[in-house]
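Note that the structure is predicted; figures quoted are calculated from it, not measured. For ligands, and for the atoms within them, numbers begin at 1 and follow the listed sequence.
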Amino acid sequence: MNINKNYLNLEDSYLFSTIAKKVNYFIKENPDKDIIRLGIGDVTLPLAPVIVEAIKKAADEMGVQATFKGYGPEQGYEFLKEAIKKYYLTKSVNIDSDEIFISDGAKSDLGNILDIFGPDNTVLIPDPVYPVYVDTNVMAGRKIIFADANESNGFLPLPDSNIQCDIIYICSPNNPTGAVYSKEALKKWIDYAIKNDAVILYDAAYECFIKSQELPSSIFQIEGAKKCAIEFCSFSKTAGFTGTRCGYTVVPKALERQGASLHKFWLRRQTTKFNGVPYIVQRGAEAVFSELGQKQIKENIAYYSENAKIIADTMDKKGIWYTGGKHSPYIWLKCPNNMTSWDFFDYLLNNIAVVGTPGAGFGRNGEGYFRLTSFGNREKTIEAMNRFSKLF
Ligand code: PLP
């Protein structure tokens with residue numbers, strides 16, 4: 001037998017284990033210090049009450065013969081797809097419900113989608129970015145090239161007509177930089193993709209943090225996208241589903257390559273390898289789109305956004321360059337005094353007992369930058385920023 005030797009090419013990720021090691025050592029040496037963690041990329045607020053009620057009701061249905069459900073449709077229940085279709089209409093995007101595929105989260109689909117593409121494609125991935133895009137393509141042995149995101153392009157690289165690629169990843173609002181593409185910039189990517197016969201994999205996991213109609217919260221708001229893009233969304237950050245698990249992927253029927261429908265390929269892939277998301281979870285997700293659900297999740301998003309503002313205001317006061325914060329839960333700041341990402345990590349931990357995430361963990365261009373997140377508790381975020389204000 002042969003192993004998949006591509007796995008030998010994966011780089012070990014020491015980012016979060018190194019952070020944990022350093023923090024544990026600090027706690028051991030300084031048991032009296034109150035550590036504040038602004039490094040987490042996970043939500044902390046509980047599920048909204050209307051979602052919990054819907055999940056409980058669905059669980060009750062499963063215990064009654066007349067309403068019990070076995071295997072559901074692999075692509076998701078119609079009630080949830082209809083709710084998502086209506087949500088897209090509020091963004092002036094018209095998609096058919098059978099273009100929506102319910103998943104157990106964006107991470108799975110971002111990895112699984114690669115099944116429908118040939119192994120010899122060249123992939124273009126922004127640097128820095130969510131590490132899953134790189135690792136899933138390394139596992140498949142694809143050639144990867146990077147689009148440099150840096151201070152000069154505001155961490156929003158644009159297409160380069162001299163570069164040829166087949167699969168393009170775009171994450172907006174971006175993890176880790178919090179930067180958001182404008183409609184004009186996305187149009188450039190769409191034009192490039194159509195011209196080069198490439199497909200854009202658009203990760204919109206943080207779309208709910210966009211507060212301006214002027215900024216795109218779906219790539220399908222831009223003309224031409226249905227001919228070249230697949231969009232990945234998630235209830236994780238929108239409604240606190242990181243532990244409940246539900247997301248959705250939109251594959252337009254107009255998306256064809258080499259005479260084949262990628263929508264049909266994905267449908268075939270999902271019906272063969274996936275058996276759907278639990279009915280109970282899908283009922284919970286449906287509740288997100290009810291009037292009360294929208295009100296309750298927006299309260300949670302507003303809480304995180306206010307935390308982000310508190311962090312961003314502190315950076316403004318200190319004159320520190322950053323992206324993100326306004327339409328994102330992430331603040332991506334330039335480490336002061338030319339410190340490296342890890343130097344700055346140690347500096348914050350040792351001087352003010354605040355934990356963040358070194359930018360170097362997200363790609364080569366992340367060196368010298370640092371990610372703070374707004375998913376923490378309000379009082380702790382304020383306290384962390386009070387401590388930060390007294391530095392340098
Ligand atoms: N995409 C990005 C950019 C993320 O940051 C994350 C999670 O942190 C995901 C996708 C994964 O989302 P999910 O929880 O839906 O799998």
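- At a threshold of 4.0 Å, the pair Asp98-Lys253 counts as salt-bridged, since one of the basic side-chain nitrogens sits closer than that to a carboxylate oxygen.
- Residue Ser234 approaches ligand 1 through these ligand atoms, each under 4.0 Å from one of its heavy atoms: 13 (P), 15 (O).
- Each of the atoms 15 (O), 16 (O) of ligand 1 lies under 4.0 Å from some heavy atom of Gly105.
- Which parts of ligand 1 touch Lys237 is read off a 4.0 Å heavy-atom cut-off, strictly below it: atoms 7 (C), 8 (O).
- A salt bridge between Lys273 and Asp115 is present, with a side-chain N of the basic residue lying under 4.0 Å from a carboxylate O of the acidic one.
- Residue Tyr133 places no N or O, backbone or side chain, under 3.5 Å from any N or O of ligand 1.
- Within ligand 1, counting atoms from 1 as listed, the ones closer than 4.0 Å to a heavy atom of Cys171 are 3 (C).
- Per-residue contacts place Asp203 under 4.0 angstrom from the following atoms of ligand 1 (heavy atoms of the residue considered): 1 (N), 2 (C), 3 (C), 10 (C).
- For ligand 1, the atoms closer than 4.0 angstrom to any heavy atom of Ala106 are 10 (C), 12 (O), 13 (P), 15 (O), 16 (O).
- The protein heavy atom nearest to atom 11 (C) of ligand 1 is Tyr130 OH, 3.3 Å.
- Using a 4.0 Å cut-off between charged nitrogen and carboxylate oxygen, Asp313 and Lys317 do not count as a salt-bridge pair.
- Taking a cutoff of 4.0 Å between a charged side-chain nitrogen and a carboxylate oxygen, Arg37 and Asp42 do not qualify as a salt bridge.
- Of the candidates Thr249, Asp109, Val281, Val277, Val277 is the only one forming a side-chain contact (heavy atoms from CB on, under 4.5 Å) with Ile102.
- Between Trp332 and Tyr369, the gap from one ring centroid to the other is short of 6.0 Å.
- Taking 4.0 Å as the cut-off between side-chain N and carboxylate O, Glu82 and Lys86 do not count as a salt-bridged pair.
- Scanning the protein heavy atoms around atom 14 (O) of ligand 1, the nearest turns out to be Ser236 OG, 2.6 Å.
- The pair Glu306-Arg378 does not count as a salt bridge, with every side-chain nitrogen at least 4.0 angstrom from each carboxylate oxygen.
- At a heavy-atom cutoff of 4.0 Å, ligand 1 is contacted by no atom of Phe241, backbone or side chain.
- Of all protein heavy atoms, the one closest to atom 16 (O) of ligand 1 is Arg245 NH2, 2.8 Å.
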